Structures are given as C-alpha cells and as structure tokens.
Protein chains: 2
Amino acid sequence: MLDAGLHLLADQNLASLGVREVTREAGLSPAAFYRHFPDLAALGVALVEESLASLHVMIRSVLAEAGGAEEVIDRAVDVIEQHVREHRSHVRFLSRERHGGVRQVREAIDAELGRFATEVGAALALQPVSRGWSERDLRMLAELYVDRMVSTASAFLEAQESGPARERGIADAARFQLRLISLGRRHWQGS
Amino acid sequence: MLDAGLHLLADQNLASLGVREVTREAGLSPAAFYRHFPDLAALGVALVEESLASLHVMIRSVLAEAGGAEEVIDRAVDVIEQHVREHRSHVRFLSRERHGGVRQVREAIDAELGRFATEVGAALALQPVSRGWSERDLRMLAELYVDRMVSTASAFLEAQESGPARERGIADAARFQLRLISLGRRHWQGS
DNA sequence: CCATTCAGTAAACAGTCGTTTGCCGAACTT
DNA sequence: AAGTTCGGCAAACGACTGTTTACTGAATGG
C-alpha cells in the first residue's frame with residue numbers, strides 16, 4: 001500500500017490523493033485501506049518515516065567520513081546525487097510535501113529535519129574549526145547545511161530529467177555554494 | 001475569482017482544489033469559471049504572476065539600497081519579514097506550489113525565480129567585491145541568495161504563527177547565514 | 001439603433017468519492 | 001481443538017465532482 005501511494009505521488013499531491021485511488025493501484029478493495037490507516041494523512045506520515053530512514057543513513061555516511069573540507073564537500077555532493085538517483089520517489093515526496101497541504105506530514109518532516117540538524121551540529125562541534133563557537137551559532141550553521149542539502153536534492157530531482165549536462169551544473173553549483181559557506185565559517189569570529 | 005482561489009489555498013493544495021469549490025467561494029456559478037480560465041492550472045499560473053509581482057518590487061527595493069554588507073543584510077531580512085506579514089497568502093502559495101503537483105505552475109515559478117537570480121547577479125556584479133569573479137560564479141552566488149531568500153520567507157511564514165519569539169529566532173538565523181555567505185564571498189579566490 | 005461581445009445563469013450528464021456495514025477465511029494462541 | 005485476531009471482500013449510502021449546453025441581460029461599438 002505504501003508503495004502504491006508512493007507510485008501515485010509521482011505526479012500528484014498527497015492532498016489530492018484518494019483512498020480509492022490508492023487501493024485500486026494496490027489491487028485491493030477500498031475497505032482494505034482502513035485496516036491499516038485511519039486517514040490518508042496517516043499514510044503520509046508513514047511515508048515520511050520510510051523516506052527519511054534512507055536519508056538518515058546517507059547523512060551518517062557523510063558525517064562519518066573525516067577529511068579536509070574540500071574532500072568532504074565533494075563526497076557529500078556525490079552521495080546526494082547518488083541518493084536522489086536511487087530514491088527518486090522518496091526524495092520527490094519529501095520535497096513536495098515539506099511545504100504541502102497536509103499539516104501532520106509537514107510537521108513530521110520538519111521534526112525529522114530538525115533531528116538531522118542536531119546530528120550535523122554535533123558532528124560540526126567536533127571539528128577544530130568550531131573552537132569558540134556558541135551552541136546557537138553551530139545550530140544555525142547546521143540548519144544552513146541541512147537546508148542546502150534539501151535544496152540540492154530537489155534540484156537534482158529536476159535535473160536528472162533534463163539530461164546530464166544540467167546535472168553537472170547542479171553539482172558544480174552545490175559544490176561552489178558549500179565551499180563558500182565553509183570558507184565563511186573559517187573566517188567567522190563570534191557574533 | 002483569484003482572491004477566492006488564494007483564500008481556499010490557505011490550507012489546501014492547488015492540485016486538490018476544485019472548480020466548484022472556487023466558484024462557490026467566489027459566489028458564482030460553476031460554469032462562470034470557464035469564462036475566465038480553461039483549467040485550474042491556468043488559474044494557478046495567474047496566481048503566480050500576481051504573487052511574484054509584489055515580490056519583485058521587494059527585491060528591487062533591497063537591491064537599490066547600497067551600503068555596507070551588514071546594513072544591506074539587516075535591511076533585507078527586515079524587508080522579507082515585513083513582506084511575509086503583508087502578503088501571507090501569496091508567499092504561502094509560492095512556497096507550497098514551488099515543488100507542488102502542477103507542472104505548469106512549478107515551471108512558472110522557477111522561471112520567475114530564475115529572472116530574480118539574474119537581477120540579483122547583475123546587482124552583485126556592480127559591487128567592488130566581485131572583481132575577478134567569473135559570470136558563472138556570480139550566477140551561482142546569486143542563486144544561493146535567492147534560495148536563502150525563499151527559505152527565509154517560508155520560515156517566517158510558519159514562525160509568525162508561533163509567536164514573536166520564534167520569529168526573532170528566524171530573523172537571527174537568517175542574518176547569521178547571510179553574513180556567513182558574504183564573509184565567504186569576500187575571502188573567495190577563483191574557482 | 002442595431003449587433004455583438006461579455007459575463008453570468010440553471011440544469012443536466014455520467015462518474016467518482018469516502019466511509020460503514022456485515023461477512024469470511026486463514027493464521028495464531030492457548 | 002477452540003477461540004480470537006488479522007487482513008481481506010462486496011455492496012451500498014449520499015454527497016460531491018468537472019464539463020457542456022442553451023439561455024439571458026447588460027454593456028460596448030459602429
């Protein structure tokens with residue numbers, strides 16, 4: 001049922017999805033839906049969890065790898081690109097419903113992204129560059145990184161349909177922007 | 001009719017909007033809709049134009065004002081906050097449909113944001129800090145700024161419903177992140 | 001002053017929708 | 001072996017949907 005929903009949401013909105021539509025796609029009877037979810041919103045938050053699980057392991061794999069800023073950035077962009085390629089529907093779902101019309105889903109995504117930011121912040125705190133940074137500033141930096149990650153993923157989503165040239169353009173821009181941020185970070189002195 | 005649609009879209013998705021729904025809200029008969037739009041998608045792109053008109057004047061007002069980086073940033077964040085306050089529905093519509101389920105609307109928004117980036121890029125090129133920057137790099141920087149502007153606006157949208165404390169938090173984060181970027185920009189040397 | 005466009009209407013069309021109900025077989029539990 | 005939960009079904013309910021058609025009055029223009 002989750003797969004059916006995800007498939008339908010390829011070119012549709014969660015709010016415009018119908019119970020019958022989902023069950024039809026899944027090859028079940030309409031009543032079967034209510035055996036598993038009370039709402040379509042509930043199916044939405046289930047999809048959020050499913051989608052962010054894979055994203056989570058991706059983030060960890062980037063954070064685990066230590067190394068110079070340049071290498072980390074290159075690797076991060078590569079990992080994002082590959083992740084989008086392998087989980088198109090999940091990424092599309094997240095990017096579409098992050099500001100979508102179903103509050104419960106929006107909130108679930110936001111909460112999970114917040115947890116990501118916490119994780120990124122913890123990793124940043126361990127790096128020597130962060131000496132003297134307040135916790136608040138680290139948090140805001142982490143949010144900036146997470147936000148860029150999401151934006152980049154959305155951009156890849158569209159780019160991968162427009163040929164590899166545009167795809168390389170996105171990767172270049174992402175690397176440039178991340179380098180700029182990390183450069184600013186190194187020259188930052190207190191707020 | 002546009003106003004009716006915008007009002008409905010406060011807690012709904014363009015893709016899940018109905019013709020009858022709109023006309024009912026507008027106090028007209030269903031058939032009247034087709035006198036003005038062939039599609040709901042057409043109403044969508046009309047709303048895009050309406051929404052981005054006001055955004056456009058906002059951007060210009062920020063770009064026009066010269067001054068130190070700090071002052072420009074502070075003023076930009078203030079202008080964004082005020083704009084969101086005065087045009088809640090428009091901003092919500094844009095943020096929701098930017099990655100929404102209706103392709104024509106998505107493309108209209110993207111095209112317009114691209115034009116914004118061009119405008120921002122032109123303004124950045126005039127500043128002395130940009131000596132030696134390639135056009136490509138300037139473009140990517142401009143896109144980073146536009147993207148942050150949109151993200152910040154979305155954040156304000158949610159924050160203004162959660163009280164002024166959260167609102168100040170968003171403003172602080174936005175200023176911090178913009179300062180970090182402009183710092184990176186000053187220390188950038190070629191790509 | 002006549003013709004035409006404009007913006008609106010009511011009515012009808014055939015579908016689709018969400019949800020509830022009662023029923024059923026299979027699989028577990030005890 | 002008996003009982004209970006689980007996941008599934010068909011059928012039915014009324015309500016709502018997008019779109020077309022034929023018609024109407026007012027404004028506009030020559």
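Remember, it's a predicted structure, so these values are computed and weren't measured experimentally. In what follows, every chain begins at residue 1, and chains take the letters A, B, ... in the order their sequences are listed.
Near DNA chain C, meaning a heavy atom under 4.0 Å away, the residues from residues 16-25 of chain A are G18(A), V19(A), R20(A), R24(A).
Atom pair M1(A):CE and dG7(D):P shows a separation of 10 Å (rounding to whole Å applied). If you take CD of Q12(B) and C1' of dT17(D), they are 13 Å apart, rounded to a whole angstrom. Across the protein-nucleic acid pair, L40(A) atom CG and dT19(C) atom C1' stand 12 Å apart, rounded to whole Å. Distance NE2 (H36(A)) to P (dC6(D)): 11 Å, rounded to an integer number of Å.
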Can you give each donor-acceptor pair under 3.5 Å made by side-chain atoms of residues 45-55 of chain B, sequence neighbours left out, with the distance rounded to 0.1 Å?
| residue | atom | partner | partner atom | Å |
| --- | --- | --- | --- | --- |
| E50(B) | OE2 | H90(B) | NE2 | 2.9 |
| S51(B) | OG | L47(B) | O | 2.8 |
| S54(B) | OG | S51(B) | O | 3.0 |

Indicate every side-chain donor-acceptor pair of residues 120-132 of chain A with a distance under 3.5 Å to a residue at least two apart or in another chain.
| residue | atom | partner | partner atom | Å |
| --- | --- | --- | --- | --- |
| Q127(A) | OE1 | R185(A) | NH1 | 2.9 |
| Q127(A) | OE1 | R185(A) | NH2 | 2.8 |
| S130(A) | OG | L124(A) | O | 2.7 |
| S130(A) | OG | R185(A) | NH2 | 2.9 |

Going by atom type alone, with no hydrogens or angles, which donor-acceptor pairs under 3.5 Å involve a side-chain atom of residues 74-81 of chain B and a protein atom two or more places apart or on another chain?
| residue | atom | partner | partner atom | Å |
| --- | --- | --- | --- | --- |
| R75(B) | NE | E65(B) | OE1 | 3.0 |
| E81(B) | OE2 | R85(B) | NH2 | 3.1 |

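In this structure, A32(B) reaches the bases: a heavy-atom distance under 4.0 Å links it to at least one base atom across the strands shown. Looking at heavy-atom distances under 4.0 Å, Y34(B) makes contact with a base.
In this structure, E86(A) has no salt bridge (charged side-chain N to carboxylate O under 4.0 Å, His left out) partners at least two apart in sequence or on a different chain. Annotation: side-chain hydrogen bond (donor to acceptor under 3.5 Å, both in side chains) contacts of T118(B) (sequence neighbours excluded): R139(B).
Ring orientation note: the planes of W133(A) and F176(B) are nearly perpendicular, at an angle over 60° on the 30°/60° scale.
If G27(B) and F33(A) are placed on DNA chain C by their nearest nucleotide, the residue sitting closer to the 5' end is G27(B).
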